[in-house]
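All values reported here derive from a predicted model rather than from experimental measurement. Order of the sequence lines sets the chain letters (A, B, ...), proteins ahead of strands, with each chain counted from 1.
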Amino acid sequence: MSILQYAGYSREGAPAKVTQTTFCCLNILLTVNKTEKPASIITSSFYLCCLNTCAMSFLDELNPVQRQAVTTVNGPVLVIAGPGSGKTRVLTYRIAHLLQQGVPARHILALTFTNKSAREMKERIEKVVGVSARQLWAGTFHSIFARILRMEADKIGYPASFTIYDTDDTLSVIRSIIKEMNLDPAVYNPSAVRSRISICKSNLISPPLYRQHAEMLQQDRTAKRPFIVEIYERYVARCYRSGAMDFDDLLYQLFRLFQQNPDNVVERYRDKFRYLHVDEFQDTNHLQYAILRQLLKYDGSPRNVFVVGDDAQSIYAFRGATIDNILDFEKDFPDLQTFKLEQNYRSTHHIVSAANEVISHNKRQLHKTIWTEREDRDKIRLVKCLTDDEEGRRVADMILEQKHRYHIPNNEIAILYRTNAQSRKFEEHLRRLNLLYRVYGGMSFYQRKEVKDFVAYLRLAVNPKDEEALRRVINLPTRGISDATVEKLSAKAGASESTMWDAMTDWNLEVTDRAKKSLTNFRKMVEEWSSRAQTEPASKLAADILRRSGLGEMLKGDTSPEGIGRRENVDAVLDAISEFTDNQTLSPEEDTSAANSLAAYLQTISLLTDADEKADDGEYITLMSVHAAKGLEYRSIFVTGMEEGLFPSTMSFEDPNGLDEERRLFYVAITRAKEYLTLCYAQNRYRFGQIKVSAPSRFLEEIDQSHFTAAGGFGSARLSNTGIQPVSTGARVTGNFTQNRLRTTNATKPAETPANFQASPESEIKPGQTILHLKFGEGVVKSIEGPKDNRVASICFKNDSMPERRIVLKFAKLQIQE
DNA sequence: GTTTCGCATCTTTTT
DNA sequence: GATGCGAAAC
């Protein structure tokens, strides 16, 4: 690549924008060199000097091993990176380095674990090398592969607008098949069947191979579930007829595509992706690795592949991830260059030592020793609680205390737990103290019922064969199509090996005239959308669908607070579609038609998790599962529910490798902490609606007690017989103390939670008043409507993107302003 | 054909 | 403690 290109001039010679960062570098250089030339007339040679320095400067930020890894550009590279060792930085700078070496961005592929980390990586690269990074393909395995499949779908018999079935859709298909086959759902547990099918796909066992697979068949017989293979067959056939792929299909079908089209497809992608990068390699499964091999292993391949991972952080074995991939990688690429990043830049000494001690109990691992230069702040706090409620209360209190004493902002604090269900108690207590928080991993926006309903209509417009979408909305709002009719349709479709969509036009269908009429109307309506989808902009069509389907009416009719929320959620989908179609960046080879953009939107959202939704813009405390915390870091971490049976989970006891995986999970949890780590456990916890008594987690005993705070403690509170004394902390703070804390913390964010906030009685809120809302700030009440016991105010907030918000007074806390 | 209520069922983690 | 399913009432 030429210097000019690097500086923001494209290959064609047209001047593009010089990035701000480049300018920054220039300016710094100008100052340093005492050159008085303005940036606009700098000569190429000066640029050269400048750019080299620029390049140097980011390589200078790396330690010797990191730098070596980054600058090893050719051939296969494996980086074993301990927690906090600058893994992301190495990956980012490696790509930046490639771009700087003249590798065009379109030849670089980066596969990350979440959409969010892909986005962050792209942004960081762009900061270093400028807009040329935009052409980079970076995303999750699933999203990148979906993108390829969309372009090549016809070659394996799928429509480009194929639907992606999420776990719910998949389960519902399986349930329906089990029913259709008259099997007992208690024996054929749909989730168990689903995961078995998923394992098959991840290991490239297609239904015909399953039929020949003596071991799998034997397993099924022993489990008294001999018909799984038939369910699998029907499931695959049904998905195919519906033009649908499940999550595993996105990988499996891509593998098939590549396998069946060695000349016209694989070759193109081999040529396109000349530099492959894989983040979190330890969490890839066999199938993902097989696809990587397809792209890498062939005669004359440059084999430029750069994978980063840590076997100690492998926590997705349940999804088929296997450490064998790292071992196979070494076998498949004998000239592999391996780098170990062992210096931890994230955490203090106590935390790193504790992590090392814990992980040393695992049997099978690649040897490495993580060390840190970071000085200790506090020791690790161990907190014993009587109940889960006390745990919630004390964590909330400790957060308040830490905020006050160490001035830790909310977005540097996270509460982690093994299961999502544990979030509830923390939410209650954080709310009690007026602390802002966000729960990740619960229900994401796109999983809400009303959103799924609307999305199902959109799916149908793009792909009428989508059976799950059809079933979902065919009688919503009710239009006289009963379950019986739907079942008849389904049976017809099954018998003729076609779809329910086709069965609707079958006049031999034995249903009432009324039902027939409804079906015809419904089909007409969808057909019309379907044809309009070819030409009309996605957002306009979507708005029409909301109206015509009757869904909009239905939601409008519900004036309950929840109903209004639902209506807002559906409107938010419309906004999201506009935003998506406006900002979509596609490469030239991709179809940009209206129909395709709606399909692309639908495919994208089914791969979103709520962790991807919004950047951590606000001042929120984070609540999430340990799994979701992977790759993240916070100054203060609370790992909660450290009890036998919960963490490690009871489910892990049966599997011989289960405990090791749980231990790795715990390792991931504690290494998220930069400075403060608190571990909590409760003796009694509500599960099943009943109190369950449990012992402290065995993992706690694997940490040397010298890392725990020795001070304080309830006299008798001892952790088993190790002599570790859990400390007493904020649990005993007085009400007064808490009040003071509240004011202090709130004082940092006056606009949102003023210290003297006091909600006015609901009855006193009247139109025309200026009011204060804890979240939205100051606003003017425009109007109030609804029955006396459920009044809804339309309020226009001063600093808000929405022109007006509808607030249910029964729940809202508003303070009338003078 | 539609709605509502009560019963039973399970709870790990996620793309 | 939520969610799904079946039965009974509308």
Side-chain angles (χ1 to χ4, degrees), chain A residues 111-118 139-146 164-172 175 179 185-186 189-192 194-195 198 201-202 245-252 280 283-285 287-288 314-321 388 416-425 440-444 446-447 449 475-486 511-512 514-515 518 603-612 624-630 641 645-655 658 661-662 664-666 668-669 685-690 692:
Chain A
L111 297 166
T112 59
F113 203 69
T114 61
N115 292 299
K116 189 177 159 211
S117 60
T140 61
F141 276 91
H142 291 82
S143 65
I144 294 279
F145 292 177
I164 297 174
Y165 277 178
D166 64 13
T167 310
D168 285 344
D169 294 317
T170 301
L171 273 177
S172 130
R175 267 193 214 107
K179 203 168 163 192
N189 176 294
S191 319
R194 189 197 68 84
S195 75
S198 169
K201 287 190 181 172
S202 310
M245 298 193 198
D246 64 20
F247 288 142
D248 300 303
D249 275 329
L250 294 175
L251 313 177
Y252 182 73
E280 310 282 10
D283 288 324
T284 54
N285 64 29
L287 176 53
Q288 287 166 324
S314 160
I315 54 174
Y316 282 98
F318 71 91
R319 213 168 73 186
D388 50 351
L416 308 183
Y417 33 75
R418 179 67 239 268
T419 66
N420 285 308
Q422 287 165 255
S423 72
R424 171 178 297 279
K425 277 287 169 220
Y440 289 89
M443 196 182 304
S444 92
Y446 287 102
Q447 284 174 325
K449 184 185 177 299
N475 202 29
L476 187 106
T478 50
R479 47 171 74 87
I481 303 173
S482 70
D483 291 349
T485 309
V486 173
V511 294
T512 59
R514 190 176 144 197
S518 302
Q603 288 166 2
T604 306
I605 59 168
S606 45
L607 297 174
L608 283 184
T609 59
D610 59 348
D612 298 322
M624 61 184 158
S625 72
V626 181
H627 281 90
K630 193 166 81 143
L646 186 60
F647 198 179
S649 149
T650 343
M651 311 294 270
S652 70
F653 296 156
E654 294 160 28
D655 182 353
E661 169 129 334
E662 294 286 313
R664 289 192 295 267
L665 196 55
F666 183 50
V668 168
R685 182 178 296 276
Y686 270 97
R687 275 178 107 183
F688 249 136
Q690 281 201 327
K692 212 191 148 219

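The separation between A:I144 atom CD1 and B:dT15 atom C1' is 14 Å, rounded to whole Å. Atom CD of A:Q288 and atom P of B:dT14 are 16 Å apart (whole Å). When rounded to the nearest whole Å, the span between CD of A:Q422 and P of C:dG1 equals 15 Å. Counting to the nearest Å, the C1' atom of B:dT14 and the NE2 atom of A:H142 are 9 Å from each other. Following rounding to the nearest Å, A:K179 (NZ) and C:dC5 (P) show an atom-to-atom distance of 8 Å. For the pair A:N189 CG and B:dC10 P, the computed distance is 8 Å after rounding to whole Å. For A:M624 and B:dT13, the CE to C1' distance is 14 Å, given to the nearest whole Å. Regarding A:F318, its CZ atom lies at a distance of 4 Å from the C1' atom of B:dT13, rounded to whole Å.
The two residues A:I164 and A:A146 come nearest to each other via the heavy atoms CD1-CB, 4.4 Å.
Side chains of A:N285 and A:L251 form a contact here, defined as non-hydrogen atoms less than 4.5 Å apart.
Heavy-atom nearest nucleotides on DNA chain B were determined for A:R194 and for A:S482, and the one closer to the 5' end corresponds to A:S482. Mapping A:S606 and A:R418 onto DNA chain B by nearest heavy atom places A:R418 at the nucleotide closer to the 5' end.
Salt bridge status for A:R687 with A:D388: absent, with no side-chain N to carboxylate O gap under 4.0 Å.
Residue A:N420 places at least one side-chain N or O closer than 4.0 Å to OP1 or OP2 of B:dT14. At the phosphate of C:dA2, OP1 or OP2 sits under 4.0 Å from a side-chain N or O atom of A:R424. Look at A:T485 and you'll find a side-chain N or O under 4.0 angstrom from OP1 or OP2 of B:dG1.
Comparing B:dT15, B:dT13, B:dT12 by their nearest atom to the side chain of A:H627 picks out B:dT13. The side chain of A:R175 has C:dC5 as its nearest neighbour among C:dC5, B:dG1, B:dT12. Ranking B:dT15, B:dT12, B:dT14 by closeness to the A:T167 side chain, first place goes to B:dT15. Ranking B:dT12, B:dT14, B:dT2 by closeness to the A:M651 side chain, first place goes to B:dT12. The side chain of A:S625 approaches B:dT14 more closely than any other nucleotide in the set B:dT12, B:dT15, B:dT14.
Ring to ring, A:Y252 and A:F247 are not that close: their centroids are 6.0 angstrom or more apart.
Taking the C1' atoms as reference points, B:dT11 lies 22 Å from C:dG6, given to the whole Å. The C1' atoms of B:dT12 and C:dC5 are separated by 24 Å, rounded to the nearest whole Å.
Across all strands, A:N475 comes closer than 4.0 Å only to sugar-phosphate atoms, never to a base (heavy-atom distances).
Annotation: A:Y686, atom OH; neighbour count of heavy atoms from other residues, nucleotides and ligands within 6.0 Å does not exceed 12.
Ring stacking is absent between A:Y316 and B:dT13, as the pair misses the limits of under 5.5 Å between centres and under 30 degrees between planes.
In this structure, the side chain of A:D655 does not engage the main chain of A:S652 through any donor-acceptor pair within 3.5 Å.
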